[in-house]
Structures are given as structure tokens and as C-alpha cells.
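Okay, structure first, notes after.
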Amino acid sequence: MPIVIGIFGLIPLGVGFVLEYLCCRIPRRKIWRALPPALGVLFVLLAAAGRLSLWESERSPVTQLLFIPGLPALFALAGAFLGWKLWKWRW
């Protein structure tokens, strides 16, 4: 269970946090701040499109869409929000 929490929760949270903080801290242009959330949404859309092929299989595609692109995306976007909040708080 801790491995699942780490893979689906903590790793995307940490990656989103670090990327958003660095994109807010290093470049001076505001457009770079939108890069991590935009890439996160793009990744989710691509993963969901790839998972839609499961509609023909006997496994339920709803659970596959929730756990593979959905849960890590939620944590990655939450990490991006936390990285932005830390940047706003520190600078």
C-alpha cells in the first residue's frame, strides 16, 4: 500500500510542487508559471485518450481512467498549486 500511495500520490505531488516553484522562481515572465499545470492537463488528456481503448475490453474503463491519469493528475495539480503558494509566500 505505501508503494501505491507513493507512485500515485507523493511522486506526482512532489514533481508538481518542484516544477511550479522553479517555473515561478527562475524565469521573470509570467507565461512560464502556467507551464507545469498546462503540461499536467496535456498529460492527463493523452493518458485518458490512450486508456479509452479499454472500452472494448472486459475490464471497467471508468476505474482505469480514475486511477491511472486521474489520481496522479489530481496530486500533480495540487503540488503545482502548493508550489505557487510557497513562491507567493516567500517572494
Side-chain angles (χ1 to χ4, degrees):
M1 188 66 168
I3 293 173
V4 173
I5 292 171
I7 291 173
F8 290 127
L10 297 179
I11 291 174
L13 183 77
V15 169
F17 179 81
V18 169
L19 286 177
E20 183 67 27
Y21 182 77
L22 290 177
C23 283
C24 286
R25 176 74 177 105
I26 295 173
R28 297 290 179 208
R29 295 185 180 196
K30 290 184 180 184
I31 191 73
W32 289 100
R33 295 178 192 163
L35 186 64
L39 286 177
V41 169
L42 180 67
F43 173 73
V44 169
L45 292 175
L46 289 175
R51 289 286 179 169
L52 283 177
S53 65
L54 293 174
W55 284 103
E56 290 104 26
S57 71
E58 63 263 0
R59 290 190 291 171
S60 172
V62 175
T63 58
Q64 295 295 320
L65 289 174
L66 285 176
F67 287 117
I68 299 304
L71 193 61
L74 178 68
F75 278 103
L77 293 175
F81 176 73
L82 292 174
W84 176 76
K85 288 299 270 187
L86 177 69
W87 173 78
K88 285 294 249 187
W89 178 70
R90 287 193 43 103
W91 307 103

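Note that this is a predicted model, so its numbers are computed, not measured.
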> Among all residues two or more places apart in sequence or in another chain, which pass the side-chain contact (heavy atoms from CB on, under 4.5 Å) test with Phe43?
Replying inline: none

> When rounded to the nearest 0.5 angstrom, what is the spacing between SG in Cys23 and CD1 in Ile31?
Replying inline: 11.0 Å

> Phe75, Val41: one ILVMFWY side-chain cluster at the under-4.5 Å cut-off?
Replying inline: no

> Should Tyr21 and Ile26 be counted in the same cluster of Ile, Leu, Val, Met, Phe, Trp and Tyr side chains packed under 4.5 Å apart?
Replying inline: yes

> If you look at every heavy atom in Arg33 and Glu20, which pair is closest and at what distance?
Replying inline: O-OE2, 3.0 Å

> Can you tell me how far the CG atom of Leu42 sits from the CG atom of Leu46, to the nearest 0.5 Å?
Replying inline: 4.5 Å

>> Is any side-chain heavy atom of Leu82 closer than 4.5 Å to one of Leu13?
In response: yes

> Is Trp32 reachable from Trp84 through a run of hydrophobic residues whose side-chain heavy atoms are each under 4.5 Å from the next?
Replying inline: no

> What distance do Leu86 atom CG and Phe81 atom CZ have between them, rounded to the nearest 0.5 Å?
Replying inline: 12.0 Å

> Taking a hydrophobic cluster as the set of Ile, Leu, Val, Met, Phe, Trp and Tyr residues connected by side-chain heavy atoms closer than 4.5 Å, whether directly or through intermediates, do Phe17 and Ile7 fall within one such cluster?
Replying inline: yes

